[in-house]
Amino acid sequence: MSPAWPPQAEAAEQGLFGDVLVCDAVLPASFLPGVVARTAQAGALLAGLAQVEDLRGGDEASEEKRGELPLLAQRMDAKLDLVLVLLGRLVRQACPPLPPAAVRWSARGVRLQLPADAELPAADSAGCLRLQPAEWLPDDLELPVIVSATAHTGDAGWLWLRFPALPAGLEEAMDRHLFRMHRRQVADSRRR
């Protein structure tokens, strides 16, 4: 249940999340005011992530397929998983990690929770949303955003960030990623 938002925040909430696929998660994320996002890299990152997830899988059907692989392929897959984990740890040691934040994400934009004492940017200011789209992937996704609304509640600051017109490839890759996130969330809730 969300807090009682001010009218501008309620309008932003409806504009960003009304009648579209929405994912709620806690992800490493931050907003960088005035920074220009690298959208070409974002599209490539999401496309690569989709290819890896197609091969690695994570649902029950892909676990069955993994069991059908020859033993040598299963070992190589397990070794690749370990190498990715180790690489992620090395990268995180070299770079300061993004703070975990509650995120509500749709193809239209993001609601980002910040610490209560965070200084909130002005509405209509542009910036960059950085977030880590998968916990095993040590790279950050950068997306251009415009601040639609801000609000403070007793325990948090909130940003409603809308995406401007995105390149078609990036928009398609993000839709695919959100669909996968949503599917995993539904599967997790059914297992409980």
Side-chain angles (χ1 to χ4, degrees), residues 1-32 37 39 42-43 45-50 52-54 57-60 98-116 118 120-121 123-137 139-192:
M1 185 170 177
S2 61
W5 307 116
Q8 184 181 7
E10 273 297 337
E13 184 82 7
Q14 184 59 37
L16 296 177
F17 309 118
D19 299 326
V20 294
L21 180 70
V22 174
C23 294
D24 292 302
V26 175
L27 300 171
S30 69
F31 172 70
L32 304 170
T39 55
L45 178 66
L46 285 175
L49 179 60
V52 169
E53 287 181 344
D54 282 345
D59 55 7
E60 293 169 8
L98 292 171
V103 172
R104 174 168 257 206
W105 190 0
S106 80
R108 295 179 191 158
V110 170
R111 181 183 69 212
L112 178 66
Q113 182 179 2
L114 300 174
L120 302 179
D124 296 323
S125 59
C128 172
L129 173 68
R130 282 185 57 213
L131 60 84
Q132 186 178 334
E135 70 179 53
W136 59 267
L137 182 68
D139 200 2
D140 299 331
L141 182 66
E142 292 186 6
L143 298 169
V145 290
I146 299 168
V147 178
S148 290
T150 64
H152 270 293
T153 58
D155 59 343
W158 300 89
L159 295 179
W160 284 263
L161 307 167
R162 69 179 161 81
F163 300 126
L166 297 173
L170 175 55
E171 192 171 325
E172 182 180 318
M174 188 166 49
D175 284 342
R176 186 174 180 189
H177 182 71
L178 288 169
F179 178 76
R180 286 171 175 278
M181 282 181 66
H182 179 73
R183 191 174 66 192
R184 278 193 300 269
Q185 288 174 351
V186 169
D188 287 346
S189 70
R190 287 182 181 163
R191 285 185 199 131
R192 292 181 197 157

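Here the straight-line distance linking atom OG of Ser30 with atom CG of Leu131 works out to 8.5 Å at 0.5 Å rounding. The CZ atom of Arg176 sits 10.5 Å away from atom CG of Leu46, with the distance rounded to the nearest 0.5 Å. Ile146 contributes atom CD1, which lies 9.0 Å from atom OG of Ser125 (distance to the nearest 0.5 angstrom). The CG atom of Leu143 sits 7.0 Å away from the CG atom of Leu166 when rounded to the nearest 0.5 Å. Atom CG in Leu45 sits 10.0 Å away from atom CD in Gln132 (nearest 0.5 Å). To the nearest 0.5 Å, atoms OG (Ser148) and CZ (Arg111) are separated by 13.0 Å.
In this structure the side chain of Arg104 reaches within 4.5 angstrom of the side chain of Val22, judged on heavy atoms. Counting heavy atoms from C-beta on, the side chains of Arg130 and Leu98 come closer than 4.5 Å. Contact check for Pro144 versus Phe163: no side-chain heavy atoms found under the 4.5 Å cut-off. Between Trp160 and Thr150 the shortest side-chain heavy-atom distance does not fall below 4.5 Å. In this structure, Pro133 and Leu49 have side chains that are in contact, with non-hydrogen atoms separated by less than 4.5 Å. Taking 4.5 Å as the limit, every side-chain heavy atom of Asp124 sits out of range of all side-chain heavy atoms of Val147.
Using modelled atom types, one finds a donor on one side chain and an acceptor on the other under 3.5 Å when comparing Thr153 with Trp158.
The minimum heavy-atom distance between Val186 and Ser189, with the atom names listed, is O-OG, 2.8 Å. Heavy atoms only, all atoms of each residue included: Met174 and Ala107 are closest at CE-O, 4.0 Å. Of all heavy-atom pairs spanning Val103 and Ala29, the tightest one is CG2-CB, 4.2 Å. Contact detail for Leu120 and Ala151: the closest heavy-atom pair is CD1-O, 3.4 Å. Residues Ala156 and Gln113 approach most closely at CB-NE2, 3.3 Å, considering heavy atoms. Of all the heavy atoms in Ala123 and Gln8, the pair that sits closest is CB-NE2, 3.7 Å.
A side-chain contact (heavy atoms from CB on, under 4.5 Å) with Val110 holds for exactly one of Leu129, Leu16, Leu159; it is Leu129.
Remark: Arg108 is not positioned above the aromatic ring of Phe17, lacking an NZ or CZ atom under 6.0 angstrom from the ring centre and at most 45 degrees off the axis.
The aromatic rings of His177 and Trp105 sit tilted relative to each other, their planes meeting at an angle between 30° and 60°.
Around the CG atom of Asp19, the shell of radius 6.0 Å holds no more than 12 heavy atoms that belong to other residues, nucleotides or ligands.
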